[in-house]
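Everything on this sheet refers to the single structure shown next.
When reading the values below, keep in mind they use all heavy atoms of this one structure, side chains included, and skip hydrogens, waters and symmetry mates. Every chain is numbered from 1, with letters handed out A, B, ... down the list of sequences.
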Amino acid sequence: MRSKTIKVDYLARVEGEGALQVKIKGDTVTDVQLRIFEPPRFFEGFLRGRRFTEAPDITARICGICPVAYQMSAVHAMEDACGVTVNDPLRALRRLLYCGEWIESHTLHVYMLHAPDFLGYESAIDLAKEHPEIVQRGLQLKKAGNEILRLLGGREVHPINVRVGGFYRTPTRQELATLTERLHWARDAALETVHWVAAFPFPDFTQDYEFVALRHADEYPFNEGRLVSSKGLDIAVSAYDAHFVEQHVAYTNALHSILKERGAYFVGPLARYNLNFDKLSPLAQEAARDAGLGSTCLNPFQSIVVRSVEILYACDEALRIIDAYAEPDQPTVPVEPRAATGFACTEAPRGSLYHRYRIDEQGVILDAQIVPPTSQNQKTIEKDLFNFVPRYLDLPKNELTWRCEQAIRNYDPCISCATHFLTLHLQRG
Amino acid sequence: MAHGEAQPEEPRLVVIGVGNAYRGDDAAGLIAVRRLRNRLGDCVVCREENGEGTALMEAWQEAHTVILIDATRSGTPPGTLHRFDVVAQSLPTTLLCSSTHAFGVAEAIELARALGQLPARFLVYGIEGKTFAVGCELSAEAEKAVDEAIWRVQQELERWAVH
């Protein structure tokens with residue numbers, strides 16, 4: 001029986017260092033391994049012994065693309081441990097900061113990393129040679145997100161203005177108003193982006209996925225909600241460990257997260273969209289329908305359309321928050337430590353990001369657990385390849401390899417985020 | 001020059017250090033720029049970046065002259081100092097440590113070139129690293145190369161100031 005192996009030694013256009021191996025025997029895929037060899041980063045270990053107030057700034061260093069997500073999950077988990085709730089307008093400012101990160105991160109992926117796959121370009125550089133105006137639009141759109149981070153976070157990368165309890169400094173209404181002109185432009189550009197990507201050719205592909213995302217009664221989820229799934233999961237975030245477990249897999253540095261009862265699941269824009277379509281703004285819903293999407297989208301290749309709809313929503317939501325903003329009396333609420341465990345899940349651009357911390361009465365971190373979105377999607381990515389590759393076995397090897405990479409990029413995997421602390425067992429003879 | 005016409009602005013000089021401050025020799029570019037900042041006049045803008053490509057393009061957007069310093073992992077002996085004139089030739093995409101970014105230094109340079117936005121003068125200095133482990137200090141080899149890079153960058157800037 002004829003057999004072949006698809007190997008990608010260095011995955012391009014994903015964040016971090018990873019490789020892929022697909023083994024094929026006849027018409028059957030016998031093995032798929034997404035290998036993540038970015039060195040484990042031991043952040044959960046670093047956190048032990050540090051103050052509870054340090055978690056947002058330490059964990060922000062896990063990723064240069066989505067530091068806000070780490071800061072948000074960290075502050076919410078610490079506030080949960082300390083029994084504090086942060087309300088508007090500080091809560092709204094956190095959503096605004098998240099809007100900036102979604103715009104930045106999603107735009108980078110849509111324009112620079114994923115669109116070339118659908119248009120037959122090797123990279124965004126080749127796209128720019130033929131369509132410079134499109135790439136310029138992407139760069140300017142991303143800049144609208146950068147500016148939110150710069151104003152509210154203090155700087156564009158690794159914001160320094162976020163703290164447990166709120167912010168170090170909150171903006172004035174006038175300061176926030178400086179963002180609106182560019183955000184109005186960005187909202188139009190995001191709408192054009194949805195139309196642009198909706199016309200891409202998409203392979204007809206879906207699987208029996210279990211989508212998992214936050215769901216909130218009143219809003220499209222960023223910072224809060226219950227964890228729900230398309231197969232009936234509906235839990236408080238504090239019940240996370242009872243339903244999910246991380247597994248060590250020998251060939252990769254990143255842990256695989258699974259649902260204890262049902263195995264692989266799917267987080268990220270597609271999951272959020274499918275579980276929260278009714279909470280999108282009317283403009284985002286209309287754009288999605290015009291793009292040919294229903295209230296659910298089951299094809300992971302169309303994640304680029306959904307990601308673009310989320311950029312549009314983030315621009316729309318940012319403008320709404322800025323318009324409604326009332327300056328707070330204080331930039332932060334007091335948070336006193338107590339011996340407790342805190343849980344939080346927020347929606348990073350790539351999906352749910354879970355943090356759990358146990359702190360003592362002095363606020364010293366005793367134990368930490370961080371489960372990034374890419375860890376959660378790894379098993380689903382491998383399952384996609386298992387089922388996707390057999391349809392394209394007649395393709396030349398280089399084209400089949402490219403199809404595999406495109407399928408991985410549906411998930412915008414952040415390999416840098418996915419590698420983290422592994423327990424080391426030493427066996428001595 | 002017509003009466004009232006503004007004098008042309010001084011060419012904008014930008015020195016950019018790229019790297020991750022917490023990963024051993026990956027910090028070489030950042031450390032070089034931090035030390036250069038104290039030695040260069042106000043006419044040179046010093047910036048520290050993590051290597052994300054679109055942010056880099058913004059960092060050099062207004063610049064006429066750019067010198068970018070990053071760590072390299074090319075297989076040459078640790079401490080080797082590489083120099084590339086990227087206006088004249090493309091950068092090997094697998095050379096720089098920041099190439100682990102999906103859209104890093106080399107891609108940003110090529111995208112700027114494709115969009116006609118590459119600064120008129122653009123040098124990249126690469127410092128070959130030895131260790132990139134989390135939490136490590138700069139290796140002795142990289143430390144020495146940082147000193148040499150600082151000296152070379154100052155020479156380049158002086159030469160351009162004269163000519």
Side-chain angles (χ1 to χ4, degrees), chain A residues 10-18 37-43 45-46 58 61-65 67 104-105 107-109 111-114 122-133 135-136 138-143 145-147 149-150 155-158 409 412-416 419, chain B residues 16-27 29-30 47-62 70 73-74 86 90-118 129 131-136:
Chain A
Y10 176 81
L11 286 168
R13 286 190 269 133
V14 298
E15 297 287 349
E17 296 179 35
F37 42 83
E38 175 108 338
R41 295 160 57 143
F42 302 108
F43 269 88
F46 295 161
I58 292 174
R61 292 285 169 176
I62 292 174
C63 184
I65 305 294
E104 234 187 28
S105 176
T107 305
L108 179 71
H109 190 258
Y111 278 86
M112 301 298 158
L113 309 181
H114 211 194
E122 186 72 28
S123 69
I125 297 156
D126 297 315
L127 173 61
K129 285 174 186 164
E130 290 189 27
H131 299 286
E133 73 291 349
V135 174
Q136 287 285 16
L139 290 170
Q140 292 305 313
L141 183 52
K142 183 175 180 292
K143 206 168 173 180
N146 292 358
E147 290 196 352
L149 258 69
R150 186 186 298 144
R155 61 185 181 190
E156 291 164 25
V157 181
H158 301 308
R409 284 192 282 268
D412 186 10
C414 187
I415 290 170
S416 312
T419 56
Chain B
I16 303 172
V18 176
N20 181 334
Y22 302 100
R23 284 184 68 163
D25 290 344
D26 197 29
L30 299 178
R47 299 202 50 159
E48 296 175 33
E49 296 287 339
N50 73 354
E52 194 277 297
T54 59
L56 285 168
M57 289 174 73
E58 277 189 46
W60 70 55
Q61 196 173 23
E62 306 290 326
D70 195 0
R73 195 159 44 176
S74 68
V86 295
S90 297
L91 207 59
T93 51
T94 54
L95 179 82
L96 302 179
C97 294
S98 49
S99 68
T100 58
H101 271 282
F103 192 77
V105 174
E107 291 81 6
I109 289 169
E110 291 316 307
L111 185 57
R113 196 193 309 277
L115 293 171
Q117 295 175 348
L118 198 64
T131 174
F132 297 93
V134 176
C136 287

Quick check for you: to the nearest 0.5 Å, what is the distance between A/Lys143 atom NZ and B/Thr54 atom OG1?
10.5 Å
Do you know which two heavy atoms are closest between B/Glu110 and A/Ile125, and how far apart they sit?
CB-CD1, 3.5 Å
Any salt bridge between B/Glu58 and A/Lys142, counting N to O under 4.0 Å?
no
Could you give the distance from CD1 (A/Ile65) to CG (B/Asn50), rounded to the nearest 0.5 Å?
7.0 Å
Please classify the contact between B/Glu49 and chain A as side chain, backbone, both or neither, with a heavy-atom cut-off of under 4.5 Å.
neither
Indicate the atoms forming the closest heavy-atom contact of A/Ala128 with B/Leu111, along with that distance.
CB-CD1, 3.3 Å
Is any side-chain heavy atom of B/Leu115 closer than 4.5 Å to one of A/Leu139?
yes
